[in-house]
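Below: one structure, written as C-alpha cells.
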Amino acid sequence: MRGAGAVAAIVLLAWSVGLVAGCAWSQSWKVVTRGHFRIVSWCALSIAILATLAGLSATGSVAGSTDGGSTQPLFAGLFTASVLVYLIAQYQLEDGVAAILGAV
C-alpha cells in the first residue's frame with residue numbers, strides 16, 4: 001500500500017486504537033459515567049470505519065484492482081468489528097465487561 005490513502009488509514013487506526021485504549025483504562029477507575037464512554041466508543045467506531053474505507057481505497061479494492069494482496073484492510077476491518085463489540089459492551093449493565101473488552 002502506498003499513497004495518501006494508506007497514510008490516512010494508519011493515522012485513523014492509531015486514533016481509534018488510542019481512543020479505545022484510553023477509554024478501557026479510565027473506565028476501570030469507575031470515576032466517569034458510562035455515557036462518556038458510549039460517546040467516545042461511537043467516535044472510535046466512526047474513525048475505525050473511515051480507516052477501513054481509506055485502507056480499501058489505498059489498495060484499490062474499492063476500484064476493482066488489487067495491490068498484491070495487502071492485509072491492511074483486513075486488519076482494519078477486524079479492528080472495526082472489535083470496536084463494534086466494545087461499543088455493544090458499553091450498553092451492558094456493568095463497566096467491568098467493557099473495560100476488559102477494551103483492554104483486549
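Summarising the geometry, atom OG1 belonging to T52 is positioned 9.0 Å from atom CZ belonging to F79; distances are rounded to the nearest 0.5 Å. Here the straight-line distance linking atom CZ of F37 with atom SG of C23 works out to 5.5 Å at 0.5 Å rounding. L45 contributes atom CG, which lies 12.0 Å from atom CD of Q90 (distance to the nearest 0.5 angstrom). Between L53 atom CG and L12 atom CG the span is 10.0 Å, to the nearest 0.5 Å. Here the straight-line distance linking atom CG of L50 with atom OG1 of T80 works out to 9.5 Å at 0.5 Å rounding. The CG atom of L84 sits 10.5 Å away from atom OG of S41, with the distance rounded to the nearest 0.5 Å.
Summarising the geometry of A44 relative to V20, their closest heavy-atom pair is CB-CG2, 3.9 Å, with the distance given to 0.1 Å. Heavy-atom minimum distance, A8 versus A54: CB-CB, 4.3 Å.
Listed by chain and residue number, Y91 satisfy the side-chain hydrogen bond (donor to acceptor under 3.5 Å, both in side chains) test with W42 (two or more places apart in sequence, or in another chain). S46 pairs by the side chain to side chain contact (heavy atoms under 4.5 Å, CB included) definition with nothing, not counting sequence neighbours.
Panel note: side chain R34, backbone Q92; a donor-acceptor pair is recorded below 3.5 Å. No donor-acceptor pair under 3.5 Å is formed between the side chain of S57 and the backbone N or O of G5.
For residues 6-21, there are no side chain to side chain donor-acceptor pair (under 3.5 Å) pairs, not counting sequence neighbours.
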Trace of the side chain to side chain contact (heavy atoms under 4.5 Å, CB included) decision for H36 with Q27: CA-CA 10 Å; H36 166 76; Q27 192 168 13; over 6 Å; no
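No chain of hydrophobic side-chain contacts below 4.5 Å, direct or via other Ile, Leu, Val, Met, Phe, Trp or Tyr residues, connects I88 to I39. Hydrophobic clustering of Ile, Leu, Val, Met, Phe, Trp and Tyr side chains at less than 4.5 Å, counting indirect connections, keeps V32 apart from V40.
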